Amino acid sequence: MAKKQFKTESKKLLDMMINSIYTHKEIFLRELISNASDAIDKRYFRSLTDPKAALSGGEYEIRIAADKTSRILMIFDNGCGMTKEELDSNLGTIAKSGSFDFKSENGDGQDGADKIDIIGQFGVGFYSAFMVSSEITVETRAIDSDEAYRWRSSGADGYTVDTCAKADVGTTITLRLKENTEDENYDEFLDEWRIKELVKKYSDYIRYPIRMSVTKSRKKAGSPDDKPEYESYVEDETLNSMVPLWKRPKGEVSDEEYATFYREKFFDYEPPLKVIRQKTEGVSNYEALLFIPSHAPYDYYSTEYEKGLKLYSSGVLIMDKCKDLLPDHFGFVAGLVDSADLSLNISREMLQHDRQLKSIAKAIEKKIGSELSKMLENERENYEKFYKAFGRQLMFGVYSDFGAHKDSLKDLILFVSSNEKKNVTLKEYVSRMKEDQKKIYYAAGDSVEQISLLPQVEAVTSHGYEVLYLTEDIDEFALQILREYDEKEFSNVCQDDLDLSTDEEKESLKAENEKNADMFAFIKESIGGDVHAVRFTNTLKNHPACISSEGPVSVGMEKTLSRMPGFEEGGIKAELVLEISMTHPIADKLKALFETDKDRLSKYSKILYAQARLISGMELKNAAEIGSLVCELMVE
Ligand code: ADP
């Protein structure tokens with residue numbers, strides 16, 4: 001019989017498994033049991049509509065048997081089994097879960113420890129059995145098949161598939177355990193107590209009985225009480241309690257158990273940041289077990305990512321990712337919902353319109369919101385960690401659907417502020433606003449450093465006002481949708497009239513601007529078409545000039561919009577204003593040049609404008625021209 005080769009990635013993984021020095025080899029049993037349980041789920045689910053799939057007798061179960069003499073460990077299930085094609089495609093190729101992609105990205109070229117860690121954290125399903133086995137045989141018969149097939153492999157050199165005799169539908173996996181080495185004792189996986197311990201540790205909640213024949217001893221019938229004799233006998237024992245984690249009382253589940261469950265079911269390599277449980281009885285009956293991940297999955301901010309919760313109906317998985325259970329802004333939440341109200345064979349289309357499901361989704365959204373605000377209040381450090389990973393998502397949530405969710409999210413968003421450059425909530429900002437402060441000030445830019453150096457920011461903070469620093473594209477759009485917080489309007493320090501001066505100061509500025517209108521027209525002309533207006537300002541402290549904007553589109557928004565498809569070329573523009581500090585010595589210089597040397601004024605104007613653009617974080621379209629202008633003035 002011809003040997004078939006594993007697909008390339010599978011081979012790589014197999015090599016890792018076979019030569020693994022990973023110390024938690026024990027997880028292989030969990031993986032095989034979990035596959036068996038999934039297979040029974042599938043068969044059960046199908047049996048609801050297809051009588052052919054139903055059990056002809058007995059009950060669904062997973063069995064384990066060990067034989068020390070032959071070093072054989074067997075795992076049986078009466079699940080759905082596999083067809084010949086399925087055997088080939090499922091066990092010849094590694095399951096295309098995110099885990100392997102991650103591995104090849106991060107594992108290659110790095111040292112072994114890194115890879116090994118990843119093995120343990122994700123678990124890699126069936127292949128993990130090669131960590132402990134020198135040969136694996138899978139005998140399986142699918143629901144519709146009259147024939148059974150045997151898959152066999154001793155590792156990386158390939159596998160064979162042939163027919164075999166198997167009376168019942170289901171799968172039997174036979175592991176020939178590796179010989180012990182100096183460092184590794186594979187025998188332990190044949191010990192009754194060790195198997196029991198592993199099932200309890202990793203697979204206790206599996207909803208089908210995991211049974212094993214165990215040897216027990218009892219007092220021999222008829223032997224005298226004062227001198228008892230004992231005999232051994234064999235009895236079936238169920239090793240797991242079969243209660244799903246989410247059905248157990250809250251206090252009885254340890255953090256460790258939640259973490260293991262989360263890692264295994266949701267393929268994360270880190271424990272969750274927060275576990276949320278919700279149980280509701282009344283209008284809708286359901287239990288939810290939710291997890292807030294401690295970091296964003298690698299594909300989170302891409303179109304690849306699919307949000308959703310696992311959906312169970314009385315303990316039976318009916319959908320792996322029910323997206324209708326989560327609003328987009330909480331799309332990072334992982335977990336499951338188990339409800340007795342949902343019918344088992346409800347179709348996807350029906351689910352979408354299911355009222356029960358809608359009311360569950362609503363309650364879950366509320367619960368997540370309230371848990372997040374509790375975390376913000378009581379566990380600030382954790383919340384900041386959470387926010388680092390998913391804050392952008394919340395900010396999108398404020399903005400999206402025309403602000404439909406802004407009220408429930410506005411107290412969950414954070415901004416870095418000029419005050420110690422730390423994160424603040426809008427509530428915190430407002431609570432420490434100065435008495436005479438009417439607006440919530442913000443400035444947008446590429447980084448906290450760049451924003452903190454903006455001339456306008458300096459002007460506002462020198463009045464003792466706090467400024468929010470907006471570093472993400474979405475931030476400013478979100479504030480535009482919010483419009484106000486606690487009846488305080490948001491004000492872009494680079495765009496809006498800051499209203500920081502007295503009436504007297506305003507008057508003198510106005511007069512000065514009118515007086516120099518011709519000069520400003522000349523400067524505007526010299527700079528070229530870019531600038532909408534040039535004028536004096538009296539708010540800057542040390543800087544000679546700055547760029548601000550008029551109208552509805554700010555500089556930051558223009559930048560964001562220009563990156564969006566369809567807007568690239570000049571569609572939406574901020575109306576730029578070059579503001580020159582009235583009190584800076586440059587003001588007098590410009591005025592003098594306007595009288596005496598227009599040619600030089602023109603050059604100065606260009607340089608002043610270029611400088612202001614750079615400070616605002618904008619690019620220079622005429623960098624070469626400015627460079628030679630500066631040089632020309634330097635050599636004079
Ligand atoms: P995963 O379980 O993550 O999909 P595995 O490598 O563990 O990856 O298994 C690959 C596939 O082989 C499974 O998705 C399943 O279709 C099939 N499989 C494994 N074990 C069994 C089993 N005991 N019964 C039926 N199918 C199985």
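Residue numbers count from 1 along this sequence. What you see below is based on every heavy atom in this structure, not just the backbone, and it leaves out hydrogens, waters and symmetry mates. Numbering of ligands and ligand atoms starts at 1, following listing order. For clarity, every value in this text was computed on a predicted model and none was experimentally measured.
With hydrogens and angles left out, the side-chain atoms of Tyr286 and Glu281 include no donor and acceptor closer than 3.5 Å. No side-chain donor-acceptor contact under 3.5 Å links Glu287 and Tyr312. At a cut-off of 3.5 Å, with distance as the only test, no side-chain donor of His405 or Asp328 sits close to an acceptor on the other residue. Side-chain atoms of Tyr258 and Arg277 form a donor-acceptor pair, as typed in the model, at a separation below 3.5 Å. A donor atom on one side chain and an acceptor atom on the other are found under 3.5 Å apart for Asp236 and Ser213.
With a heavy-atom cut-off of 4.0 Å, Lys42 touches ligand 1 through its side chain alone. At a heavy-atom cutoff of 4.0 Å, ligand 1 is contacted by no atom of Asp38, backbone or side chain.
Using a non-hydrogen distance threshold of 4.0 Å, Met82 registers as a contact of ligand 1.
Looking at Thr215, its side chain never comes within 3.5 Å of a backbone N or O of Val234 through a donor-acceptor pair.
At least one N/O-N/O distance between Asp77 and ligand 1 falls below 3.5 Å. Looking at Gly81 next to ligand 1, no N or O pair under 3.5 Å apart turns up.
Considering only non-hydrogen atoms, atom 25 (C) of ligand 1 lies nearest to Ala39 out of Ala36, Ala39, Ser34. Nearest to atom 9 (O) of ligand 1 by heavy atom, out of Ile40, Leu87, Asn35, is Asn35.
Here is the list of ligand 1 atoms found below 4.0 Å of a heavy atom in Asn90: 10 (C), 11 (C), 12 (O), 15 (C), 16 (O), 17 (C). Here is the list of ligand 1 atoms found below 4.0 Å of a heavy atom in Phe126: 5 (P), 6 (O), 7 (O).
The local environment of NZ in Lys366 is sparse, with at most 12 non-hydrogen atoms from other residues, nucleotides or ligands closer than 6.0 Å.
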